[in-house]
Each structure stands twice: as structure tokens, then as C-alpha cells.
2 protein chains.
Amino acid sequence: MAETSDFKAEPPAGIDSIGASSEGASLYELIREDIIEGRLAANERLVVTDLARRHGTSTNPVREALQLLRGEGFVTFVANRGARVRPIDQDFVRDIYEIGVLIEPALTRWFVNMATVEDIAELERIQGLIEENNFADTYRHSELDTAFHTVMYQRHYNRHAAELWWKHREVLRAVSRRFNFTLARRAAILREHRELIALVKAGEADKAADLISRHVEGSGRHVLEQMRARNAARAG
Amino acid sequence: MAETSDFKAEPPAGIDSIGASSEGASLYELIREDIIEGRLAANERLVVTDLARRHGTSTNPVREALQLLRGEGFVTFVANRGARVRPIDQDFVRDIYEIGVLIEPALTRWFVNMATVEDIAELERIQGLIEENNFADTYRHSELDTAFHTVMYQRHYNRHAAELWWKHREVLRAVSRRFNFTLARRAAILREHRELIALVKAGEADKAADLISRHVEGSGRHVLEQMRARNAARAG
DNA sequence: ACGCGATAAATCGTACATTGTTTATAGAAA
DNA sequence: TTTCTATAAACAATGTACGATTTATCGCGT
């Protein structure tokens with residue numbers, strides 16, 4: 001099949017927990033996916049015995065998976081009361097984007113200074129896939145958008161920053177599952193990516209970093225507006 | 001007793017994993033402490049049965065603790081081969097400080113804009129403790145130094161940033177266990193903290209952020225020099 | 001309607017079985 | 001003798017099953 005792996009990236013080595021491994025979707029990945037994809041509600045209780053039954057295993061692997069997710073920050077724990085899904089709400093998203101605005105420009109700067117021709121080719125390939133998609137599938141657009149950034153950040157010029165990006169990335173996936181970017185916003189993303197590639201080729205690190213800063217801030221603002229609008233609609 | 005809690009801070013709510021809880025040092029905290037304090041060597045194997053015996057429990061709590069530490073990034077895993085201590089080496093430290101330079105100025109800016117009189121009083125209290133210590137105990141000096149920063153960052157104007165700081169903080173503790181800041185450097189820290197308090201009181205957010213930026217960069221450079229020197233000595 | 005006690009449910013810890021990995025050993029070839 | 005390999009035994013990670021303790025739920029009596 002035309003697997004989605006046409007833009008699959010590897011998680012930073014060392015952090016073996018975050019990121020989808022090639023084949024064996026282990027238990028914690030499945031549970032994390034359930035959280036990201038929104039199949040589990042915010043603050044929903046994660047009952048070990050239920051999850052064990054559902055996944056056809058005993059309780060022990062589930063418990064370990066939940067602890068791992070706790071360490072990653074996707075699950076909260078209370079002693080003797082078990083785990084709950086950590087909600088991905090407005091504050092959560094706003095905070096993530098604020099961090100992105102701080103981190104991504106620096107990552108971009110490093111990338112521009114150290115990018116190989118293969119890296120740039122890969123960027124253009126992703127960009128091609130986005131244009132090919134031509135706004136047809138909003139979810140795929142989002143996936144490709146994060147893939148674009150991932151290409152820039154995955155070779156860890158700074159391992160911690162790369163790990164941060166991988167966590168950030170999971171949240172972005174969660175957001176894109178819940179909210180569709182408008183056509184206008186998607187057009188802006190496309191345009192800014194194109195600009196970015198040009199700047200990368202020209203070796204303009206500072207300008208590229210600036211652009212990314214505005215790019216991330218713009219996306220963040222847009223997502224938050226979407227979230228606010230939905231909340232207002234729900235309340236009204 | 002004169003508990004060390006004269007500058008104890010709370011970990012950001014929500015992230016229930018990182019940070020020392022008041023009393024019950026649970027298993028994962030103990031193991032993490034062993035890593036931070038350097039009682040476990042870099043890349044050392046973490047054998048579940050050994051740890052269980054050593055801590056007088058069965059294997060299950062140990063396994064969960066290791067998964068939690070994996071999620072936090074202090075332990076690496078290989079399937080069917082178990083866990084190892086993630087080394088806190090030069091790269092690790094350099095990367096952490098680079099992130100610090102990106103994050104801490106923003107955190108400082110937020111703090112200056114939102115600090116209460118109690119916050120400032122707390123800062124001055126810590127500063128008083130540092131001056132009282134008067135370079136006598138280098139380890140205590142480091143602890144107080146991070147405590148100073150923690151006061152500024154712990155009230156999570158941005159929860160993810162606060163979590164980042166808490167992780168950052170653990171690494172700093174690890175570093176301070178392995179390397180002593182020179183007298184000159186500690187004097188500089190003291191001076192810069194004093195400057196900072198003045199800027200906070202004056203509400204000079206930008207200048208404070210600038211100062212912190214240089215402050216963190218300076219500490220990072222200093223620590224890395226220490227590490228390099230020791231490595232060179234070891235090699236020579 | 002509001003505590004209160006019994007019952008149900010789920011977490012947490014222990015013990016054990018299974019599977020895969022590492023290490024030690026013995027033998028064969030150079 | 002030395003080195004490489006095949007094999008077996010020890011070891012440790014992973015998964016299962018179960019008991020104990022804590023928490024949640026429900027019905028009863030006032």
C-alpha cells in the first residue's frame with residue numbers, strides 16, 4: 001500500500017520513548033495515539049484492567065506504559081487512584097506555541113548553517129507533497145506541515161531541542177485532529193514554507209529564523225482563535 | 001532540624017513526576033537521585049532484580065520507576081536488554097544550557113511583569129542565604145543558585161516552560177555534584193543576582209532578560225570549561 | 001435529604017512462568 | 001598453544017496470575 005511513510009522521520013536517538021517506531025506499535029504508543037487522536041477524552045480515567053482487556057494483555061505492560069506516558073507528560077497520576085488523560089486544552093496549546101516561538105528560530109538557524117543538499121532536497125520533496133495535496137485533505141496538510149519542520153529539526157544539532165520538538169510535534173498532531181486550519185491559513189503556511197526554502201538555499205540564517213518565528217506565532221494565534229471560537233460556540 | 005527546606009520549591013502542578021515531593025521519596029525519585037548524584041555511572045546497566053533487592057521491594061515497582069525515568073529522559077531502554085543510565089556528558093550539558101539561553105530570558109521577562117511583592121521578598125531571602133553562606137559550601141551555593149532561578153520560574157506563567165525548567169534544574173544539580181564552580185564564577189553569580197533583583201524591582205523586563213541571557217551563557221561556558229579540563233586531565 | 005456501612009472495583013505489590021540475551025565452557029581447526 | 005565456534009547453562013527482561021489494600025459506589029436507616 002502507499003504507506004504514509006512517504007514522509008516518515010526517525011525520533012532523535014537516545015530518546016527512545018517518543019516517536020513512532022517503524023513497525024511494532026508498542027502498547028504505550030497505542031495509548032498515546034489514543035490520546036493524541038482524541039479517542040480518549042480529556043481527564044478521562046485510564047483504568048489499567050480495562051486497557052489490559054482491550055489490548056489483550058495482562059495488566060503489567062499497561063502499567064508500565066502509563067508510567068512512561070506520565071514521564072512524557074501526557075498522563076497524570078494520583079497515588080492509589082491511577083491515571084488520567086492530561087487534557088490538551090487552550091492553556092496547554094498556548095504554552096506549547098510559546099515555547100515553539102522560543103525554540104524553533106534557534107533550531108532553524110542551526111539548520112540553515114548545517115544543512116546538507118540532501119536535507120534541502122528532502123524539504124523540497126515534502127513541499128512538493130503539500131502542493132500536490134493542494135488543500136484537499138486538511139489533516140494530511142497538517143501532517144505534512146509538521147513533517148516539514150521535522151526535517152529541519154530531526155538531525156539533532158541539539159538533542160534536547162530535538163526532543164522538545166518531538167514532544168511539540170505530538171501536541172500539534174493532537175491539535176490538527178481537533179481543529180482544521182482555514183484555507184487562508186494553509187495558503188499562508190505554504191507560502192512561508194516556500195520563502196523558507198529560498199532562505200535556506202541562500203544561507204540566510206537570520207532571516208530564516210525570523211520567518212519561522214512569525215510562522216510559528218501565526219499558526220499558534222490561528223489555532224487559539226479556532227479553539228476559542230469552538231468554546232464560545234459550545235457555551236453560547 | 002534545620003531542614004534544607006529553607007528554599008524548597010514545589011514542582012509545577014500537573015507534572016507530578018518531576019520534582020522532589022515533600023516526604024515520601026518514592027522509588028523513582030530515589031533512583032533518579034542516584035543518577036543525579038552520580039552514584040550510578042554513565043551507561044551503567046540498571047538491573048531490575050538488583051534494584052528490587054537493594055530497595056527491598058519486588059520487581060514491579062522498579063520496572064514502573066524505570067519506565068517513568070525513561071519518559072523523563074534520564075534512562076535509556078533497549079528492548080529485551082533493559083535500562084541504562086543516560087550519561088550526563090559534555091554534549092548533554094551543552095545542549096541543556098543552549099536551551100536555557102533560549103528559555104530563561106522569556107521566563108524572566110514574564111516574571112518581571114507579573115512578580116508579586118512576596119515573590120521579590122523570596123528572591124531577596126534566597127540571595128541573603130547565598131551571601132550568608134559566603135562561598136563556604138560550594139554545593140550549597142549551587143543549590144541556592146538554582147533555587148533563586150526556581151523562585152522566578154516556578155509559578156508557571158507557562159506550564160511547559162516551567163516543566164522544562166524543572167528538568168533543566170535536575171541536570172544542573174547533577175553538574176554541580178560533579179564540578180565546583182570557581183570562586184570567581186560564584187562571585188559573578190552573586191553579583192548578577194543582585195543586579196537582577198534591582199532590575200526586577202524597577203520593572204525592567206528587557207534588561208532583566210538580557211542579564212539572564214548572559215548569566216546563563218556564562219554559567220554554561222564555565223561548566224563546559226570545567227568538564228573539558230577534567231577530560232583533558234584524565235586523557236593526559 | 002444526609003450520613004453510614006457493606007459491597008464492588010481498581011490500584012499496588014508479590015510471586016511465578018516464559019522468552020530472549022549474555023556468558024562460560026568445551027571442542028575443533030590452525 | 002591459540003583462536004574460533006558451537007553449545008549449554010546462567011541470567012535478566014518481559015508477561016501472567018493472584019492476593020492485599022485503598023478507593024469508589026450503592027443501599028439502608030434515621
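What you see below is based on every heavy atom in this structure, not just the backbone, and it leaves out hydrogens, waters and symmetry mates. We name chains A, B, ... by the order of the sequence lines, and we start the count at 1 in each one.
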> In chain order, what residues pass the side chain to side chain donor-acceptor pair (under 3.5 Å) check against D95(A), with sequence neighbours excluded?
Replying inline: none
>> Can you confirm if the aromatic rings of H193(A) and H215(A) lie within a centre distance of less than 6.0 Å?
In response: yes
> How far does the helix from dA1(C)-dT30(D) to dA30(C)-dT1(D) bend, going by the axes of its first and last five pairs, to the nearest 10°?
Replying inline: 10°
> Hey, where on DNA chain D does chain B first and last touch, going 5' to 3'? Cut-off is any atom under 4.0 Å from a heavy atom.
Replying inline: dA12(D) to dG15(D)
Please write out each protein N/O paired with an N/O of nucleotides 10-16 of chain C under 3.5 Å, distance rounded to 0.1 Å.
unit_1  : atom_1 : unit_2 : atom_2 : d
dT11(C) : OP1    : V48(A) : N      : 3.2
dT11(C) : OP2    : V48(A) : N      : 3.3
dC12(C) : OP1    : N80(A) : N      : 2.9
dG13(C) : N7     : R63(A) : NH1    : 3.0
dG13(C) : N7     : R63(A) : NH2    : 3.4
dG13(C) : O6     : R63(A) : NH2    : 2.8
dT14(C) : OP2    : S58(B) : N      : 2.7
dT14(C) : OP2    : S58(B) : OG     : 2.8
dT14(C) : O4     : N60(B) : ND2    : 3.0

>> F181(A) vs H222(A), test: ring-ring contact (aromatic ring centres under 6.0 Å, His included). Steps then yes/no.
In response: CA-CA 8 Å; F181(A) 282 27; H222(A) 183 261; 5.2 Å; yes
> Is it the case that R70(A) places NZ or CZ above or below the six-membered ring of F77(A), under 6.0 angstrom from the centre and within 45 degrees of the axis?
Replying inline: yes
> Should the pair R177(A) and Y139(A) be classed as cation-pi, given the thresholds of under 6.0 Å to the six-membered ring centre and 45° from the axis?
Replying inline: yes
>> Can you list everything that forms a side chain to side chain donor-acceptor pair (under 3.5 Å) with D34(B)? Sequence neighbours excluded, please.
In response: R39(B)
> What pairs with D91(B) under side chain to side chain donor-acceptor pair (under 3.5 Å), at least two apart in sequence or on another chain?
Replying inline: R94(B)
> Do H160(B) and F92(A) make the cut of ring centroids closer than 6.0 angstrom?
Replying inline: yes
>> Under a plain distance cut-off of 3.5 Å, with no hydrogens placed, do T116(A) and D119(A) share a side-chain donor-acceptor pair?
In response: yes
> With ring centroids as reference points, do W165(A) and Y153(A) lie under 6.0 angstrom apart?
Replying inline: yes
